[in-house]
Number of protein chains: 2
Amino acid sequence: MKNISDIFNYMVNHNNDNLNYIFHALADSTRREMVHMMAQKERTVSELAEPFDMSLAGISKHIKVLERANLVERSVNGRTHICHLNTESLSQATEWLRFYEKFWSNRFDLLESELMKAKKKEH
Amino acid sequence: MKNISDIFNYMVNHNNDNLNYIFHALADSTRREMVHMMAQKERTVSELAEPFDMSLAGISKHIKVLERANLVERSVNGRTHICHLNTESLSQATEWLRFYEKFWSNRFDLLESELMKAKKKEH
DNA sequence: TTCATATTCAACCATTTGGTTAAATATAAA
DNA sequence: TTTATATTTAACCAAATGGTTGAATATGAA
């Protein structure tokens with residue numbers, strides 16, 4: 001890490017990896033369901049496992065994927081681990097999506113106003 | 001497809017698959033960059049390929065992933081294919097994220113107001 | 001018709017993913 | 001100490017992913 005441009009590159013790449021992890025984590029119904037559960041209240045690993053027909057080892061892996069994406073944080077309390085959402089990562093993904101949504105709808109607005117102009121000229 | 005509950009299941013699963021595809025499509029930097037390019041204007045396949053050090057066959061596959069997610073539509077014009085964004089799918093993902101963001105921040109509001117109440121009682 | 005351009009398809013390959021089972025770890029309860 | 005509970009780790013496996021190359025397809029230009 002030598003100069004400002006290295007730092008910039010680090011930031012961009014870091015952000016990119018983050019988005020890769022976040023979107024990847026959310027691309028799975030089981031994990032989205034887990035997010036849904038944690039949105040209501042924090043959950044232990046076994047609570048998270050309960051609705052699914054899956055081994056605890058499998059569940060453990062899913063949680064790890066959510067953690068890698070920074071979507072979930074864990075506090076160890078004795079032998080039980082308590083998982084809770086970290087919405088900062090959710091916002092990061094929303095920001096990305098919202099940006100392109102807006103970008104695109106602006107294009108439509110532009111198109112519409114161009115059509116209006118064209119229509120006016122006709123008369 | 002026999003009754004209303006079948007239809008409902010179809011809708012939920014369809015929606016679920018959709019989200020799987022959308023989030024999966026966005027979990028890749030190359031594809032996100034392509035979305036970025038198409039947000040500015042529609043692009044041919046070779047235009048989309050230009051910034052990347054990747055075979056056209058590879059690019060073609062990436063576009064297919066975006067199409068499966070309904071993020072991109074293609075109109076064939078002679079021998080060139082023109083790709084443009086379909087923001088409906090982007091919105092679908094944003095909606096999902098926004099919902100859980102909101103859900104969570106509401107929890108914080110609730111917590112805050114409970115703390116307020118508690119504080120009031122102290123006096 | 002022949003040649004060039006734009007794109008996809010098919011076959012292949014290494015890596016990642018999403019799951020399993022069996023064993024290990026750490027803590028709590030008897 | 002022994003036993004039960006909560007969870008992870010390791011090793012494994014089939015399927016999916018992200019890429020390649022080489023051949024096929026379809027259209028446009030000469």
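Excluded from the calculations below are hydrogen atoms, water molecules and symmetry mates; all remaining heavy atoms, backbone and side chain alike, are included. Quick caveat, the model's predicted, so the values are computed rather than measured. To find a chain, count down the sequence lines: A is the first, B the second, and so on, and within it residues start at 1.
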**Request:** Please test B:Leu26 against B:Leu71 for side chain to side chain contact (heavy atoms under 4.5 Å, CB included), starting from the C-alpha separation and ending with a verdict.
**Result:** CA-CA 9 Å; B:Leu26 296 177; B:Leu71 284 163; 3.9 Å; yes
**Message:** Whether the B:Asn20 and A:Ser29 side chains hold a donor-acceptor pair (N or O, under 3.5 Å, no angle test) is what I'd like checked.
**Reply:**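 Judged by distance alone, the side chains do pair up.
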**Message:** Pairing donors with acceptors under 3.5 angstrom, does anything connect the side chains of B:Ser91 and A:Glu101?
**Reply:**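 Yes, A:Glu101 and B:Ser91 have a side-chain donor paired with an acceptor closer than 3.5 Å.
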**Contact state string [nucleotides 9-20 of chain D, B base, S sugar-phosphate only, - no protein heavy atom under 4.0 Å]** = B-------SBBB
In whole angstrom, give the distance that lies between atom [atom1] of [X] and atom [atom2] of [N].
X       : N      : atom1 : atom2 : value
A:Arg74 : D:dA6  : CZ    : C1'   : 11 Å
A:Glu67 : D:dT7  : CD    : P     : 13 Å
B:Leu66 : C:dT7  : CG    : P     : 15 Å
A:Tyr21 : C:dT16 : OH    : P     : 10 Å
A:Arg32 : C:dG18 : CZ    : P     : 12 Å
A:Ile63 : D:dA6  : CD1   : P     : 14 Å

Please write out each protein N/O paired with an N/O of nucleotides 25-30 of chain D under 3.5 Å, distance rounded to 0.1 Å.
unit_1, atom_1, unit_2, atom_2, d
D:dG28, O4', B:Arg79, NE, 3.3
D:dG28, O4', B:Arg79, NH2, 3.4

What is the minimum heavy-atom distance between [X] and [Y], and which atoms define it?
X       : Y       : answer
A:Thr94 : A:Leu90 : OG1-O, 2.7 Å
B:Arg32 : A:Asn16 : NH2-OD1, 2.6 Å
B:Ala25 : B:Ala69 : CB-CB, 3.9 Å
A:Lys41 : A:Arg43 : O-CG, 3.3 Å

**Asked** Is B:Asn70 close to B:Gln92 at the side-chain level, that is, under 4.5 Å between some pair of heavy atoms?
**Response**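 No, their side chains stay 4.5 Å or more apart.
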